There are 2 protein chains.
Amino acid sequence: MSPDPQSSAPTLEMVAAAAGVSRSTVSRVINDSPKVTPEALAAVRKAIDELGYVPNRAARILASRRTQSIALVIPENTAKFFADPYFATVVQGIAMYLSDTDYTLSLLIASESDGEKTRRYLQSGNVDGALILSHHSDDRSYVQLAKSIPVVFGGRPMSQEGSHAYYIDVDNVEAARSVTQKLIERGRRRIATIAGPSDMSAGLDRLQGWRQALDAAGIPTDLVEHGDFSPAGGEAAMRRLLDREPELDGVFAASSLMASGALNVLRSRGKAVPHHLGLVTFDNDYAAQSSSPPLTTVEQPTVEQGRRMVDVLLHLIDGGNASTVTMMPTRVIERGSE
Amino acid sequence: MSPDPQSSAPTLEMVAAAAGVSRSTVSRVINDSPKVTPEALAAVRKAIDELGYVPNRAARILASRRTQSIALVIPENTAKFFADPYFATVVQGIAMYLSDTDYTLSLLIASESDGEKTRRYLQSGNVDGALILSHHSDDRSYVQLAKSIPVVFGGRPMSQEGSHAYYIDVDNVEAARSVTQKLIERGRRRIATIAGPSDMSAGLDRLQGWRQALDAAGIPTDLVEHGDFSPAGGEAAMRRLLDREPELDGVFAASSLMASGALNVLRSRGKAVPHHLGLVTFDNDYAAQSSSPPLTTVEQPTVEQGRRMVDVLLHLIDGGNASTVTMMPTRVIERGSE
DNA sequence: TTGTAAGCGTTATCAA
DNA sequence: TTGATAACGCTTACAA
């Protein structure tokens, strides 16, 4: 009995035999080496086509010591991560851009209980680089990781050492300041904020922007309640704010999901937006667009942020240089909520 | 000059030397072979710890012909995919479950222009199996793929050959019927549907469920407009419906995103829900919960669906058997919209 | 420009 | 239970 001809995928060796060249030449063709004669090139290409040859990834990695794959590390709190349109679209940008390259994307959930495992995996040559999204003050270990492999953060890392890290971000302070400014311009004078978590730079920066706007107008900045960027967090914070100050007439919610939670509370308490109170927020996603009323908000180029993260990472992997911080533009979109 | 001791990751060989055993023994320890004496085991473990050894993935794959990685294939239309909470949560389930195993998850975007490339990659031993999400009538090629490697679909595949495919799904017909029934019970008699795409089984099945409910009540089933499961699609469909039949008093939208688009149109045309008309939908996500009014809807266990997809796939990979179709339970959640 | 041959770091077979 | 030793499929000096 002859061996089953399609028992396994064709190998480079089979291509070489079919094309009448050596394995090296086939390898050169696969890797776009210029040092191949047109005839050899044609013969190899033909053989590859006919056999339906696809290089074995593991063998390539092992021999070349390049994995052609990068990791996307997401926080353990997957539910909140995937529920947030912001992250969904950043991931979209990453996946889309990467699909145009020869790199493979591995999704990695960073277990806090065993973060060691994740880091070991990343450090042990299993990926060429890593993208870190939505990590909190515990991002030190990932900043450390950058000493072993190229790492790019989405959003400025919190830790001190992070000042040397590569990251993509927007000017959260300025964007928050400028959208809060809208409230002031409409004559609101008792303005609160539903701030993000204090262990995330986006949370801190947006809070600071809100403060700057109020300070400049001589308005007190005492009305601060924190949420976790989720609708439920927004609801709870809104309740606390109304309890503290029933007369408040303006709110800046640091994320659209929190704003939508806040809207529910306002509705149930009979506070009309924008009649009784103005509401502005951050992110121009589904929540900001489809709420009633639609919300005045800060738009940031999320898909593009993902693209740029990949872009910077691939540059680093190629040994090129990239600027450590990439700031993406934002703009305020005015809608009915203020 | 001696070679840089930390120029590269420790290898199995170094562990073997440190532990005073052969490479084979180290390999056995790594792979939990029972045939290792306690002393050898201890020595190897100690060496592994001290060196911080992590097995080289590529080498393992190459030698064992098992990749320990599975692909998640998502459709080319990434924007719509990632914008849909349904898929986001299914992916969440997949990623979470997989992170408890030794498998790695690769995100693959199926390019329609070069679907060949994707399939080649999958067929060429680069993954142990594949998860296919949200594919349309063009899913034939993936059904074919199942002849080469284990494949599990999220949602029943459309193609004929798909009847032999492994998939996880819910009873869309029955769920749609039963939520439409709510409209009828409340006395609605002119009931429309914003159906999903005709090239997706969820679209077809929910439409059929709506028809069953109406047929049973002797209500005409002429008011059908299709959308693409997105808010914009829902808006457009709602407009067409109102133009066709201003007197309609009930709507079943086949997805919560379409329902929320529909709500915007209704609001702008002065139609109050549920005062003038009842609106029920599918999916208990953010859109259904945070709209005003919150929507009566069909809840399906999305995270769990992702889990089960992985579960079935891993069974298949292990050579075990699994039932081709896994149906997950749904239930109707009643809210204010009807 | 092409081919030869030596790895890359594991697993797997077979004897011992 | 352990240890040699031969793969696994490719890349990459180096030689021709």
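Predicted model only: the values in this text are computed from it and were never measured. These values consider heavy atoms only, across backbone and side chains, with no hydrogens, waters or symmetry-generated copies.
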Side chain to side chain donor-acceptor pair (under 3.5 Å) partners of residues 78-90 of chain B, not counting sequence neighbours, each pair once
B:Tyr86-B:Gln305, B:Thr89-B:Thr302

How many whole angstroms separate atom CD of B:Glu13 from atom P of C:dG9?
9 Å

Looking only at side-chain N and O atoms, does B:Arg66 come under 4.0 Å of OP1 or OP2 in C:dA12?
yes

Checking B:Asp169, B:Ile168, B:Val143, B:Leu131 against B:Phe153 for side chain to side chain contact (heavy atoms under 4.5 Å, CB included), the one that qualifies is B:Val143

Hey, is the main chain of B:Tyr121 close enough, under 3.5 Å, to the side chain of B:Asn126 for a donor-acceptor pair?
yes

Treat primed atoms plus P, OP1 and OP2 as sugar-phosphate and everything else as base, then score nucleotides 3-8 of chain C 5' to 3': B for base contact with protein heavy atoms under 4.0 Å, S for sugar-phosphate contact only, - for none.
BBBBBB

Rounded to whole angstroms, how far apart are CE on A:Met14 and P on D:dC10?
10 Å

Counting C-beta onward and ignoring hydrogens, is there a side-chain heavy-atom pair between A:Ile109 and B:Met96 closer than 4.5 Å?
yes

Axis-to-axis angle between the two ends of the helix from C:dT1-D:dA16 to C:dA16-D:dT1 (five base pairs per end, rounded to 10 degrees)
30°

Can you check whether B:Ala58's main-chain N or O pairs, donor with acceptor, with B:Asn56's side chain at less than 3.5 Å?
yes

Polar side chain donor-acceptor pair, B:Ser141 to B:Arg119, under 3.5 angstrom
yes

Can you confirm whether more than 12 heavy atoms, excluding those of B:Glu13, are under 6.0 Å from its CD atom?
no

Is a donor on one side and an acceptor on the other found under 3.5 Å between the side chain of A:Ser124 and the backbone of A:Arg120?
yes

Side chains of B:Asn31 and B:Arg60: any donor to acceptor distance under 3.5 Å?
yes

Return the 5'-most residue of the pair B:Val26, A:Pro34 with respect to DNA chain C, ranking by each residue's nearest nucleotide.
A:Pro34

Quick one, A:Leu145 and A:Gln123 - any side-chain contact, counting heavy atoms below 4.5 Å?
yes

Partner residues of A:Ser24 under the side chain to side chain contact (heavy atoms under 4.5 Å, CB included) criterion, sequence neighbours left out
A:Ser22, A:Arg28

May I have the distance from B:Ile61 (atom CD1) to D:dC10 (atom C1'), rounded to whole angstrom?
14 Å

For DNA chain C, which residues of residues 313-320 of chain B approach it to below 4.0 angstrom with any heavy atom?
none

For A:Arg60 and C:dG9, what is the distance between atoms CZ and C1' respectively, to the nearest whole Å?
19 Å

Side-chain donor or acceptor of A:Asp128 paired with backbone N/O of A:Gln68 under 3.5 Å
yes

Please give me every residue in residues 35-43 of chain B whose heavy atoms get under 4.0 Å of an atom in DNA chain C, ordered by residue number.
none

CZ (B:Arg156) and CE (B:Met200) are apart, to the nearest 0.5 Å, by 11.5 Å

